[in-house]
**Student:** 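Sharing a structure with you now.
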Amino acid sequence: MQSFALKLAALLFAFTQYLVPRDALETANDTATLYPAPNATGGKAWRIECARAKSLVAKMTLSEKANVISGVPGRCEGVLGGVASLGIPTFCLQDGPAGVRPIHGVSQFPAGLTTAATWDRELIYSRSYAMGAEFFDLGINIALAPVTGGPLGPSNRAGRNWEGWWTDPYATGVASYLSIQGLQDAGVMATAKHFIAYEQETYRDPYNHTEWYSVFPANEQDSISSDLDDKTTHEVYLWSFAEAVRAGAYHVMCSYNRINRTQSCNNAYTLNHLLKTELNFQGAVLSDWGGQHDSVDSALGGLDIAMPGSAYNFSFGNFWGESLVELVKNGMIPEYRVDDAATRVLTTYFASGQDVKPPPKVIFNAVGDMYYYAPNDYRDVRKPGTAKLIRDIGAHGITLLKNTGVLPLQNPERIAVVGTDATDNQVGPNGCGQDSNECPAGNINGTLTICGGSGYAYAPYIATPLDALKLKAQETGAEIGQVLKDRNATASLAELLPTANVTIVFVQAYSTEGRDRANISLDHSADDLIRAAVNQSDNVVVVMHVPGVVDIEAWADNVNVTAIVAAWLPGQESGYSLVDVLYGHVNPSGKLPFTWAHRYSDYYSHFTEGVFVDYRWFDSQHITPRYEFGYGLSYTTFKYSDIRLDRTVWSDISAVQETAEPFEGYDGIKSLYDVLFTVTATITNTGKYIGSEVAQLYISIPEHDQPPRVLRGFDKVKDLEPGWSAVATFPVRCKDVSSWSVERGLWYIADGDFTISVGASSRNLPLSVIWSSYSWPAPH
């Protein structure tokens, strides 16, 4: 039974996240007349495919059109009905952002958070491509991935933060662009989710299950309202979705929450105006499972695909399908809206090339209410290089927070391993169910490689830290012992630790879709375990598998804690990734994708903080964090020097699809994404180890309503030998120095001097240069 304090904490969290009373929420979408759904044109890249789609839709009956845009029961988590007579197949939609779910024969990839901590564009793309190949080879048309800023993560206890990337719109935009490209280059259609400002699980939709803190009955809640001002919407929450559109995303998933009191999947302003008009999105909008709350308002508000439709025995509502035919006939929904939705679905199908090269046909076997391979149809779709890629991401994402010199390990003779997070799950790598939330009572769940919900993926195996450390001990001739207990371990530690040269304590914090974290504490009495360890050992290395910030204040400054390692959620190769770093085979180069505070009260997230999210809030309020945004230690040292600014302008060549974002015009600038200038800086390895460094660029925009600095570039210079140098390069685009004008409804460049800073983190910026908009041509 959960304590009253935990229940109260969960309730307070919900209310502090702008819970809007039921009777104050709008129930009808009265903005559709102001912001009607625009018809697709195909944009820059898909005009031929759009024309072909429109021609095919013109041949369909109304019932056939409804079938193309409505979910039906079938072999996948979501299935779109096809039109066999016109050669349109059914489409399979499947989770998720860390691997195909819930299916065997696939890889369990590192979480988005882990991959973000690498700050490595190549690894971000490669992860997405490898994942996309597995989706495609399993016969899946549409991957319900990647997370594209929903959540972005300003609420640090939100249950799904680990599925996303940075708490920064620019960096998350980079990941969104690369992830969309990777998935779609592999042949699967991507889904950018969740649009928009989806930042908590508590009170997310009316189709909830009873949550562990039971603050409300199942199926009796209203969706939370994310109340955003226009400036915050554009400069923070819309930014990464603009990058997804530019990358050519075929689908966008609307979210569970309301935005300014109108349901996301009904919201004509956000879907019709922001997404389809301002961002010029030419693909299809699909609902999250339970995100559609009605048929008429969602159709008028810009929804194109009803998911899961009639599947799951209507447990997510009964919308569209055959009922859509009647709604059109009685004048509630205009047929041109159905035509455009079907056109958008088929445009993306043709643009993806799946009409020419479809995913292979795969037979699934229904088990319960989800779908798996039949035993005789099992297909292992893992590629030879994928395990190494996962291992590399895990290693390069590891973030070293503290190190007094114990790391890298110099082949210690006696090693002590402490904590259940070091070992296997007692019921196997996937014994806790398809969402990882069905562990038996009292079970030792083992090391945390990924968190729960629809973002979870089965692992073919788990290379645990204990497994990998034992292999390393065999190689080096070391002794290794373990205490696989989290509680009441003092006596056992007293037997093992005093004889060990190094004690490695493993701790974790679990998080999942469907509920928010009640606090930021570590699980399983971890603070007590660490306290007991430091009483028996003066060389304790703490390794944390966590979904975000956790409270480490009780022991972080203890002199016997000689190193703190954030290993995040590394996927199936967890132990190998960790040992690579602990022993120095890989120099840690991961850096924090969020700010790590001293105390929970230092954070501020009720949406009223506006654009001052995460490090922007800490900087503007002069709050000293424990570890700043972008922070991470290395075994070597780096020097920054020779910052230069090249004012050569060059046109945007990266957009697959072009947005229609309004901006103040300047001579020679055709796009908001044209590069205005390029900054370079020299990075020199001044230490003794080969290492990689993430150089970061921040801009101070001369406006009173802007943060002290905002991230606008990063470049990872890799594998520098001691004494070697490399040049980090940062192209700065027109949008990167622009602000959003609420009054004029456009992006503009403020008058004044812009300080461009480069360094190792948001608060370690040794280099700076000035770019002045006064020297820029006057706007017209």
Side-chain angles (χ1 to χ4, degrees), residues 76-78 93-115 127-128 130-131 134-135 138 140 143-147 150-151 158-165 179 191 193-194 198 201 204 208-209 211-212 253 256 288-290 367-373 381-382 386 390 393-394 421 424-440 443 445-464 508-517 523 545-548 567-574:
C76 304
E77 286 185 88
L93 294 77
Q94 200 80 16
D95 281 319
V100 187
R101 166 192 173 269
I103 293 169
H104 296 281
V106 300
S107 304
Q108 185 190 76
F109 288 83
L113 173 72
T114 310
T115 315
R127 169 185 180 268
S128 190
M131 194 185 303
E134 293 190 4
F135 273 97
L138 284 171
I140 295 162
L144 302 176
V147 170
R160 301 182 76 173
N161 283 353
W162 59 275
E163 295 184 34
W165 307 91
S179 296
T191 305
K193 65 183 189 182
H194 307 82
Y198 171 41
E201 294 300 286
R204 73 177 192 174
N208 68 293
H209 302 291
E211 301 191 16
W212 63 273
M253 180 186 289
Y256 286 121
D288 206 336
W289 278 231
V367 179
D369 62 349
M370 300 302 291
Y371 297 86
Y372 299 80
Y373 288 112
V381 296
R382 293 171 293 164
T386 300
I390 293 171
I393 294 171
D421 183 70
D424 285 305
N425 190 315
Q426 282 184 322
V427 293
N430 305 304
C432 292
Q434 62 193 24
D435 296 330
S436 82
N437 287 323
E438 302 168 11
C439 304
N443 186 63
N445 297 340
T447 193
L448 187 63
T449 58
I450 207 77
C451 282
S454 62
Y456 177 75
Y458 285 151
Y461 55 82
I462 298 295
T464 72
Q508 64 175 247
Y510 185 71
S511 183
T512 184
E513 178 182 3
R515 65 175 184 257
D516 297 304
R517 297 162 63 196
D523 295 343
H545 289 114
V546 292
W568 311 119
L569 304 167
Q572 67 188 45
E573 308 295 322
S574 172

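In this text the structure is predicted, and so the values were computed from the model without any measurement.
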**Student:** Under the 3.5 angstrom rule, does the side chain of H545 hit a backbone N or O of Q508 as a donor-acceptor pair?
**Tutor:** no
**Student:** Heavy atoms only: give me the nearest S107-R382 pair and the separation to one decimal.
**Tutor:** OG-CG, 3.2 Å
**Student:** Of the non-hydrogen atoms in C451 and W162, which two are nearest, and what is the gap between them?
**Tutor:** CB-CE2, 3.3 Å
**Student:** Out of curiosity, Y461 OH to T449 OG1, how far, rounded to the nearest 0.5 Å?
**Tutor:** 11.5 Å
**Student:** How close do Y456 and G433 get, heavy atom to heavy atom, and via which atoms?
**Tutor:** CE2-O, 3.5 Å
**Student:** Could you check whether any side-chain N or O of S179 sits under 3.5 Å from a backbone N or O of S128, counting only pairs where one atom can act as donor and the other as acceptor?
**Tutor:** no
**Student:** Rounded at 0.5 Å granularity, tell me how far CD1 in I390 sits from OG in S574.
**Tutor:** 11.5 Å
**Student:** Grab the two heavy atoms, one from P110 and one from P570, that are nearest each other, plus how far apart they are.
**Tutor:** CG-O, 3.3 Å
**Student:** Within the structure provided, determine whether W165 and L113 are in side-chain contact (heavy-atom separation under 4.5 Å).
**Tutor:** no
**Student:** Let me see the working for D435 and R101 under side chain to side chain contact (heavy atoms under 4.5 Å, CB included), right down to the final yes or no.
**Tutor:** CA-CA 9 Å; D435 296 330; R101 166 192 173 269; 2.4 Å; yes
**Student:** Taking the inter-plane angle between the rings of Y256 and Y198 on a 0 to 90° scale, is it parallel (under 30°), tilted (30 to 60°) or perpendicular (over 60°)?
**Tutor:** perpendicular
**Student:** Mind listing the closest non-hydrogen atom pair of C432 and N443 along with its distance?
**Tutor:** SG-ND2, 4.3 Å
**Student:** Using a 3.5 Å distance criterion without hydrogens, assess whether the side chain of D421 forms a donor-acceptor pair with backbone atoms of L448.
**Tutor:** yes
**Student:** Atom CD1 of I393 and atom CH2 of W568: how far apart are they, to the nearest 0.5 Å?
**Tutor:** 15.5 Å
**Student:** Given 3.5 Å as the limit, does a donor-acceptor pair link the side chain of D516 with the main chain of E201, or not?
**Tutor:** yes
**Student:** If I compare all heavy atoms of V427 with all of P440, which pair ends up nearest, and what's the gap?
**Tutor:** CG1-CG, 3.9 Å
**Student:** Between S454 and L144, is the side chain to side chain contact (heavy atoms under 4.5 Å, CB included) condition met? List the steps.
**Tutor:** CA-CA 10 Å; S454 62; L144 302 176; over 6 Å; no
**Student:** Is a salt bridge present between D95 and K193, judged by a nitrogen-to-oxygen distance below 4.0 Å?
**Tutor:** yes
**Student:** What distance do C76 atom SG and Q94 atom CD have between them, rounded to the nearest 0.5 Å?
**Tutor:** 5.0 Å
**Student:** Is it true that the side chains of Q108 and Y458 contain a donor and an acceptor less than 3.5 Å apart?
**Tutor:** no
**Student:** May I ask you to decide if Y510's main-chain N or O and D523's side chain share a donor-acceptor pair within less than 3.5 Å?
**Tutor:** yes
**Student:** Hey, what do you get for CD (E573) to CD1 (I462), rounding to the nearest 0.5 Å?
**Tutor:** 8.5 Å
**Student:** Evaluate the criterion side chain to side chain contact (heavy atoms under 4.5 Å, CB included) for residue pair V147 and R160; output intermediate values, then yes/no.
**Tutor:** CA-CA 10 Å; V147 170; R160 301 182 76 173; 5.7 Å; no
**Student:** Stepwise, does the side chain to side chain contact (heavy atoms under 4.5 Å, CB included) test hold for I103 with F135?
**Tutor:** CA-CA 10 Å; I103 293 169; F135 273 97; over 6 Å; no
**Student:** To the nearest 0.5 Å, what is the distance between OG1 (T512) and CD1 (I450)?
**Tutor:** 11.5 Å
**Student:** Side chain to side chain donor-acceptor pair (under 3.5 Å) with D424: which residues, sequence neighbours excluded?
**Tutor:** none
